[in-house]
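Notes follow the structure.
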Amino acid sequence: MSVRTRFAPSPTGYLHIGGARTALFNYLFARRHGGQYLLRIEDTDRARSTPEAVQQILDSLEWLGLSPDEPPVFQSQREPRHAEIAKALLAMGKAYLAYDTPDELAAMRAAAEAEKRPFKYDGSRWIGMEAKDAPSVAPAIRIIAPREGETVVKDLVQGEVRVASTELDDMIILRSDGTPTYLHAVVVDDHDMDITHVIRGDDHLTNTFRQCMVYDAMGWRRPHFAHVPLIHGADGAKLSKRHGAVGALDFREQGFLPEAVCNCLLRLGWGHGDTEIISREDVTKIFDIADVGRAASRMDYAKLSHFNGVWLRAADDARLTREVLERFAKRGVLFGTDGAARVETLMPDLKERAKTLEELAGSAAFAVHEGPPPMEAKAAALLTPEAKERLKDLAVFLTDAPWERKDLEQWLRDYADVKGVKLGSVAQPLRIALTGSTTSPPIDAVLAALGRGEAVTRILAAAEG
RNA sequence: GUCCCGUUCGUCUAGAGGCCUAGGACACCAGCCUUUCACGUUGGCAGCACGGGUUCGAAUCCCGUACGGGACGCCA
């Protein structure tokens, strides 16, 4: 049977990076083994699930390049099937009707706590009861837990984990209102979807033992399990908004590339020798779930920036230009076709200096600015009378300079040589005049991209300003 | 509280008994390169949670302790 994995988020909010990483592992595992990777939306909690959240999860996965191979399955639409299995279990005598009310259950828990003993449900009085003797409350269906021995799970990440049957009790699989519980629905769905490998967050590890009750009672073969550790915030606590960006789409907003986010997420928990930078294509060839670590890791935003810088430099110039222009539009920065062309011309040098698309947009803005760009205070301070004289002189001489980047560089060197000054004392005033900033791509590249007319205009404006 | 899982530089990790004087990456510090800033490059700082075993030999195996996380719902 071919490998089938699934990512099963509940649509109660945005997709956070922990979920994104789980999706990534599911995707990679399936690809590695030539199988399918599916998506199941666990929307059985009607009160908390929203269509907006579903859409956001879909958008997030698409952005990350983790769209499923088949249309998503919506768990809520499968409730009849869940009920059918619950009733089948009842008919087989592997489950029973339990007539406890929520209040009675709460009282039992309170009593257990008062006596400082762990609460364990005992529904033995309901087993074998005739319908006519039952209380007049709507019953829930409980599955009969194993009474002795232990359950053993060979987890692909955590290794062999075992839990004694004394720890398990008869759990509810169908509520008194006829709706399935999560632990039951998951098993039925995974079985029906032919899921062979369940890869999920390690918070589900102990749930696995209860899910095994359903598999075993139905005589279904259990899938392989792999419980990957959670991602924590920089302080080691559970990941939350106060740690900064956690939603997958927040990263897009902040100018991170999906390939960088995936690379970073991959390295949180997965290791393969000293490999740090790795493409989707390459990791697909070597990914092994056994190489995932067992310990929780912390999200490291500084390292994400580094990964992003690496992938930014490797990215296609036309693509980056599109991204930057989109950001200009959002910032209200106006640009014409010549401005767009300047950005693309400068892109090889621009991307070398940025960590995010936001930074890239910031450093590219001077190129499309209508007229002389705004002057940074630090830059303005360096425009001494002496520097302004230099600019006036340059404006004159540049009129005859050859306007190709390579030639411009040589021209500037010759100019500095002839004037007997250091190249820096020529380049820096020029940079300030042309970009309004003390930092920019190499000055010859800037001159070439702006064009002679625009360059001279800016130089004169700065010299006289 | 009970059960389950975990613990290598600040962070992410390599490490499956001798290859470890514990390797790499990010961050940080210093130098080099240089028309600025980056990139690149050289070097530096810094870690096997603790205590017992097993073994000729342990970061690696076993047992405790401590600390962290997770699960204990008619939530998912």
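Naming: A, B, ... by sequence-line order, numbering from 1 per chain.
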Quiz item: What is the pairing partner of B:U7, taking Watson-Crick or G-U wobble pairs with both distances under 3.5 Å in any strand?
Solution: B:A66

Exercise. Report which part of the nucleic acid A:P441 touches: base, sugar-phosphate, or nothing (heavy-atom distance under 4.0 Å, all strands).
Key: base

Quiz item: Taking the six-membered ring for Trp, are A:F29 and A:H197 ring centroids under 6.0 Å apart?
Solution: yes

Quiz item: Looking across every strand, which nucleic acid part, if any, lies under 4.0 Å from A:I277 by heavy atom: base, sugar-phosphate, or nothing?
Solution: nothing

Self-check item: Spacing of A:H232 atom NE2 relative to B:G6 atom C1', expressed in whole Å
Solution: 10 Å

Exercise. For B:G23 and B:C9, measure between their C1' atoms and round to the nearest Å.
Key: 12 Å

Quiz item: Does the base of B:U35 carry an N or O that pairs as donor and acceptor with the side chain of A:R431 under 3.5 Å?
Solution: yes

Quiz item: Side chains of A:T208 and A:H227: is there a donor and an acceptor less than 3.5 Å apart?
Solution: yes

Quiz item: So what's B:C48 paired with, Watson-Crick or G-U wobble, going by both distances under 3.5 Å?
Solution: none

Exercise. Check every atom of B:C5, B:U7, B:U13 against the side chain of A:V161 and return the nucleotide holding the closest atom.
Key: B:C5

Quiz item: Which whole number of Å gives the distance between the P atom of B:C48 and that of B:U7?
Solution: 15 Å

Quiz item: Just checking A:E167: base, sugar-phosphate only, or nothing, at a heavy-atom cut-off of under 4.0 Å?
Solution: sugar-phosphate

Quiz item: Quick one: on RNA chain B, does A:Q428 or A:L183 contact a more 5' nucleotide (nearest heavy atom)?
Solution: A:Q428

Self-check item: Distance, rounded to the nearest Å, where A:N308 contributes CG and B:C12 contributes P
Solution: 20 Å

Self-check item: Atom-pair distance (CG on A:L312; P on B:C37), nearest Å
Solution: 20 Å

Practice problem: Classify the nucleic acid contact of A:T438 as base, sugar-phosphate or nothing, counting any heavy atom under 4.0 Å across all strands shown. | Solution: base

Quiz prompt | Atom P, compared across B:U60 and B:A16: separation rounded to whole Å | solution = 12 Å

Quiz item: Considering every strand shown, what is the Watson-Crick or G-U wobble mate of B:C32 when both distances are under 3.5 Å?
Solution: B:G40

Quiz prompt | 5′-ward residue of the pair A:R162/A:F307 relative to RNA chain B | solution = A:R162

Quiz item: Quick one: is B:A76 close enough that its OP1 or OP2 comes under 4.0 Å of any side-chain N or O from A:R48?
Solution: no

Practice problem: Decide whether A:D250 and A:Y14 meet the rule of one side-chain donor and one side-chain acceptor closer than 3.5 Å. | Solution: no

Quiz item: Do the ring planes of A:H184 and A:H82 sit parallel (below 30°), tilted (30 to 60°) or perpendicular (above 60°)?
Solution: perpendicular

Quiz prompt | Candidate nucleotides B:U7, B:A38, B:U35, ranked by approach to the side chain of A:A295 - the nearest | solution = B:U7

Self-check item: Presence of salt bridge, A:R117 and A:E115, under 4.0 angstrom
Solution: yes

Quiz prompt | Interatomic distance where CH2 belongs to A:W126 and C1' belongs to B:C74 [whole Å] | solution = 14 Å

Quiz item: If you measure from the P atom in B:C75 to the same atom in B:A66, how many Å do you get, rounded?
Solution: 36 Å

Exercise. Could you check whether A:L268 gets within reach of a base, just the sugar-phosphate, or nothing at all, counting any heavy atom under 4.0 Å?
Key: sugar-phosphate

Practice problem: Give A:G309 one of three labels, base, sugar-phosphate or nothing, depending on what nucleic acid heavy atoms sit under 4.0 Å from its own. | Solution: nothing

Quiz item: NA contact type, A:D349, heavy-atom cut-off 4.0 Å: base, sugar-phosphate, or nothing?
Solution: nothing

Quiz prompt | Under 3.5 Å donor-acceptor pair, A:T206 side-chain atoms to B:C72 base atoms | solution = no

Self-check item: Pair of N/O donor and acceptor under 3.5 Å linking B:G23 base with A:D274 side chain
Solution: yes

Quiz prompt | Distance test, side-chain N/O of A:R390 to OP1/OP2 of B:U35, below 4.0 Å | solution = no

Practice problem: To the nearest Å, give me how far apart CZ (A:R298) and P (B:G68) are. | Solution: 12 Å

Quiz item: What's the closest nucleotide to the A:D45 side chain, out of B:U35, B:G73, B:C75?
Solution: B:C75

Exercise. Measure from the side-chain heavy atoms of A:R353 and tell me the nearest of B:U35, B:C5, B:U36.
Key: B:U36

Exercise. Can you tell me, in whole Å, how much space there is between the P of B:G73 and that of B:G10?
Key: 39 Å

Quiz prompt | Quiz item: A:Q158 side-chain donor-acceptor pair to B:G6 base, under 3.5 Å | solution = no

Practice problem: For B:A46 versus B:U65, give the span between their P atoms, rounded off to a whole number of Å. | Solution: 34 Å

Quiz item: When we call it a touch if two heavy atoms are under 4.0 Å apart, what does A:K355 touch: a base, just sugar-phosphate, or nothing?
Solution: sugar-phosphate

Quiz item: Which nucleotide, B:C74, B:C12, B:C72, lies nearest any side-chain atom of A:R210?
Solution: B:C72

Quiz item: Going from CD1 on A:I173 to CZ on A:R175, what distance comes out if it is rounded to the nearest 0.5 angstrom?
Solution: 12.0 Å

Quiz item: Is any side-chain heavy atom of A:Y96 closer than 4.5 Å to a side-chain heavy atom of A:I141?
Solution: no

Practice problem: Starting from C1' on B:C75, measure out to CE on A:M171 and report it in whole angstrom. | Solution: 14 Å

Self-check item: Euclidean distance for C1', B:A38 against B:G47 (whole angstrom)
Solution: 31 Å

Quiz item: Within less than 4.0 Å of OP1 or OP2 of B:U13, is there a side-chain N or O belonging to A:S297?
Solution: yes

Quiz item: Taking NZ, NE, NH1 and NH2 as the nitrogens, is one of them in A:D190 or A:R40 under 4.0 Å from a carboxylate oxygen of the other?
Solution: yes

Quiz item: Of all the choices, B:A25, B:C5, B:C74, which nucleotide is nearest to the side chain of A:L205 once you look at every atom?
Solution: B:C5

Quiz item: Any idea which of B:U13, B:A25, B:C3 is nearest the A:V163 side chain?
Solution: B:C3

Quiz item: Which base, if any, makes a Watson-Crick or G-U wobble pair with B:G18, both distances under 3.5 Å?
Solution: B:C56

Practice problem: When you get a sec, tell me which of B:C4, B:G40, B:G73 is the closest nucleotide to the side chain of A:R313? | Solution: B:G40

Self-check item: Between A:T356 and A:N308, a side-chain donor and acceptor under 3.5 Å
Solution: no

Exercise. Report which part of the nucleic acid A:D100 touches: base, sugar-phosphate, or nothing (heavy-atom distance under 4.0 Å, all strands).
Key: base

Quiz item: Nearest to the side chain of A:K303 - B:C26, B:A76, B:U36?
Solution: B:C26

Quiz item: Does B:C72 have a Watson-Crick or wobble mate here (both distances under 3.5 Å), and if so which one?
Solution: B:G1

Self-check item: Span that lies between the P atom of B:C50 and that of B:A58, in whole angstrom
Solution: 15 Å

Practice problem: Determine, stepwise, if the pair A:F25 / A:F287 fulfils ring-ring contact (aromatic ring centres under 6.0 Å, His included). | Solution: CA-CA 9 Å; A:F25 287 165; A:F287 182 80; 5.6 Å; yes

Exercise. For A:S10, answer base if it contacts any base atom (sugar-phosphate contacts may also be present), sugar-phosphate if it contacts only those atoms, and nothing otherwise; contact means non-hydrogen atoms under 4.0 Å.
Key: sugar-phosphate

Quiz item: To the side chain of A:E42, which of B:G70, B:A76, B:A38 is closest?
Solution: B:A76

Quiz item: When all nucleic acid strands are considered with a 4.0 Å heavy-atom cut-off, which category describes A:D300: base, sugar-phosphate, or nothing?
Solution: base

Quiz item: NE2 of A:H306 versus P of B:U13: gap in Å, rounded?
Solution: 16 Å

Quiz item: Reckon A:S437 touches a base, only the sugar-phosphate, or nothing at all at heavy-atom distances under 4.0 Å?
Solution: nothing

Quiz item: Within the structure shown, what part of the strands sits under 4.0 Å from A:R294 by heavy-atom distance: base, sugar-phosphate, or nothing?
Solution: sugar-phosphate

